[in-house]
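Encoded as structure tokens, the structure appears first; notes follow it.
All figures in this text were calculated on a predicted structure; none of them were measured in a lab.
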Amino acid sequence: MDPIALIRNVGITAHIDAGKTTLTERVLYYSGKTHKIGEVHEGTAEMDWMEQEKERGITITSAATTCSWRAHRINIIDTPGHVDFTVEVERSLRVLDGAVGVFCAVAGVQPQSETVWRQATHYGIPRLAVVNKMDRVGADFNRAVESLVAKLGANPVPVTVPVGAEDAFAGVVDLLTMELVTFGDDLGLTVTREPLDGFLAEMAAPYRELLVEAAAEYDDALMQKYLDGGEVTPDDIRAGLRRGTLAGEIQPVLAVSALKNKGVQPVLDAVVDFLPSPLDRGAVKGINPKTEREEERRPDPKAPLTAYVFKTASDTFFGKLTFFRTYSGTLKVKDSLLNSHTGRGVRVGRLLEMHANKKTDIAELGPGEIGAAVGLKGCRTGDTLCDRDHPIALGTIEFPEPVMRVAIEPGSTADEKKLADALESLAEDDPTFTVTEDPETGQRIISGMGELHLEIIVDRLQREFGVRCRVGEPQIAYRESVSGSGEGEFTLDRQLAGKAQYAQISVAVEPAGSGEGFSFSGRVEGLPKPYHEAVLEGCRQGMQVGVVAGYPMVDVRCRLVDAAYDEELSSSEVFRAAAFRAFHLACAEAGPIVLEPVMSLEVTCPEEFLGNVLKDLSVRRGQITETRVLPGLQVVDALVPLSAMFGYSTAVRSLTQGRADYHMQFERYAAVPENSPARWW
């Protein structure tokens with residue numbers, strides 16, 4: 001068998017606290033990668049290696065590792081579940097072949113579960129679904145599976161089903177072999193299989209019927225055998241399920257209690273049996289920057305090298321680490337490559353196999369492998385490394401805009417350069433973290449995806465980089481737009497620096513669709529091309545400063561209506577300045593508005609505190625979209641302005657005696673109401 005067919009590149013994805021890292025720790029232990037089970041709640045998990053992760057009990061940065069199961073090499077990336085770090089999920093999924101979605105048996109599909117599922121769908125990644133926490137009070141396997149259909153539009157097909165639930169969860173039924181699988185001793189190392197008795201056989205029969213029918217949909221021979229009443233073997237079912245899974249049309253589901261060490265080994269079997277190898281995923285497509293034509297690169301070790309950079313990270317001992325996945329060719333130490341994005345050459349100093357923050361030197365990486373390199377200068381997320389004689393670019397990754405910002409300054413003048421260097425390094429590693437300077441105050445502004453994101457950044461500055469700094473109160477990343485149409489005309493006709501200057505510009509603006517950004521159209525007959533380009537650039541610069549409160553503008557369509565120039569007195573610089581003023585005049589006539597980020601909020605609390613939560617949300621200008629019932633709990637879905645949500649974690653704990661849990665993520669930008677306390681302009 002081709003060695004590449006024995007590779008699985010898999011991501012573990014889920015909502016925060018669904019048990020991703022706990023599951024990954026068991027996978028590493030049962031596969032022999034580690035010799036002790038790490039626990040998230042004890043701060044001993046191998047994959048949560050950052051101090052901030054150990055203290056908070058959450059995953060902040062995606063961690064890569066490799067293990068073996070049934071002679072297959074499984075490259076695993078454990079991703080964060082908190083929305084503030086969704087960039088880690090996005091760039092990991094870009095290079096993975098399959099994913100294991102982990103869902104809580106009590107809560108089912110949660111908000112971030114939906115987000116990462118959509119991300120996987122965007123990249124066309126086949127998935128397994130794991131219903132975890134079958135030992136928890138209120139666990140319901142069937143309800144969790146139903147939520148996959150209702151909320152994700154998935155087509156779940158159970159492969160294992162639980163025997164009992166909550167404290168009575170004893171093991172699983174393997175529907176492929178129709179056996180009871182139990183996991184002996186405290187660590188679950190001893191796996192025992194035995195035929196089903198009468199009660200369990202009766203319970204499993206409907207699930208088995210659905211499993212065979214689902215597999216038969218993708219295997220004509222199995223369908224014929226099934227219709228003829230012939231004996232259907234486990235291998236027959238596996239083959240059909242694999243075809244359906246690789247097509248992205250079904251998702252095998254397994255019941256697990258990772259914390260209690262029950263049901264994990266069948267998940268490893270399912271990864272090997274159902275998720276794709278690099279060969280199954282086939283050739284990757286990109287653009288040759290020389291010819292601008294689309295080309296393919298197949299997973300062939302002898303083909304020209306193609307590798308995709310999906311992450312960079314600063315390391316105390318190694319400097320800058322560049323994480324990548326090879327798609328074709330073989331990458332070796334000291335190879336000289338081309339970065340097709342920058343057009344510059346890079347040289348590989350060292351190649352590393354990663355196990356969280358532990359590193360092992362290796363000599364080469366073949367197709368389908370994931371690793372890291374030392375010494376690749378100037379590489380950033382989304383770059384393609386390729387053979388100099390066979391260039392190719394695989395495309396970049398789009399990341400969400402930051403929604404929160406704070407002012408930051410060094411603790412002393414001695415910390416100024418250290419702070420600037422540290423912020424530059426962090427911004428290179430995290431595309432959703434930006435550093436800017438306020439043009440009015442001269443303050444350095446850092447922006448991120450939320451309070452926790454910025455809190456972690458500041459903590460890392462102090463711990464990893466040894467920078468003392470002071471941080472202001474969090475501020476909202478407001479935006480501006482227009483609500484109607486408007487036209488503006490500006491004539492620049494004056495003496496500047498002793499020289500006459502002339503340009504006349506007329507532009508029209510109107511609102512664009514949400515998320516459309518800025519678009520420009522229109523041409524004036526006879527106007528030289530450089531002046532057209534100068535008008536475009538002037539209007540684009542005008543988008544950076546709004547006309548109401550100076551916030552950046554979004555979602556505006558601009559059209560050049562008319563322009564006049566003088567061959568002696570006009571220049572591109574003058575046209576750019578005139579276009580800037582004309583654009584702002586048009587925006588002022590088009591009903592300018594200020595937009596604020598609106599967040600999607602989910603609060604889970606005991607029923608007796610529901611009234612307190614709803615009353616508090618109404619004060620915060622929240623719009624309740626849905627309330628749902630879980631065993632002993634109420635779930636409230638709402639849309640709430642981010643400006644009203646500062647300090648909410650403390651408030652909701654106070655309202656519910658510390659028994660509520662909430663999740664918040666960016667939903668959209670919306671106009672700030674006239675009576676909003678957020679208005680100050």
Beyond-backbone contact of [X] with [Y], side-chain heavy atoms, under 4.5 angstrom:
X	Y	answer
K418	F465	no
V271	V27	no
R70	D273	yes

With a 3.5 Å distance limit and no angle check, can you tell me whether [X] reaches the backbone of [Y] through a side-chain donor-acceptor pair?
X	Y	value
D555	A512	no
S600	Q665	no
N155	E249	yes
T160	L254	no
R8	L275	yes
R281	P299	no
K33	T66	yes
R297	S328	no
D429	S314	yes
T22	L259	no

What I want to find out is whether [X] reaches [Y] closely enough, with some N-O distance under 4.0 Å, to be called a salt bridge.
X	Y	result
K133	D17	yes
R238	D269	no
K311	E88	yes

> Will you find, in the side chains of T434 and R405, an N or O donor that is under 3.5 Å from an N or O acceptor?
Replying inline: no

Exercise answer: donor-acceptor pairs, residues 362-376 side-chain atoms, under 3.5 Å, sequence neighbours excluded:
| residue | atom | partner | partner atom | Å |
| --- | --- | --- | --- | --- |
| E369 | OE1 | R73 | NE | 2.8 |
| E369 | OE1 | N75 | ND2 | 3.4 |
| E369 | OE2 | R73 | NE | 3.3 |

>> With a 6.0 Å cut-off (strictly less than), is the heavy-atom count around CZ of R388, excluding the residue itself, greater than 12?
In response: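 Check passes, neighbour count above 12.
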
>> I'd like to know whether Y123 forms a side-chain hydrogen bond (donor to acceptor under 3.5 Å, both in side chains) with E90, so could you lay out the CA-CA distance, the side-chain angles of the two residues, the decisive distance to 0.1 Å, and finally the verdict.
In response: CA-CA 9 Å; Y123 290 113; E90 185 76 26; 2.8 Å; yes

>> Tell me every residue that passes side-chain contact (heavy atoms from CB on, under 4.5 Å) with I287, counting only those two or more places apart in sequence or in another chain.
In response: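 Scan of I287 (side-chain contact (heavy atoms from CB on, under 4.5 Å), adjacent residues dropped) gives E294.
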
>> Once side-chain contact (heavy atoms from CB on, under 4.5 Å) is applied, do any residues pair with D280, and if so which ones, sequence neighbours excluded?
In response: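 side-chain contact (heavy atoms from CB on, under 4.5 Å) list for D280, sorted by chain: R242, L246, P276, S277.
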
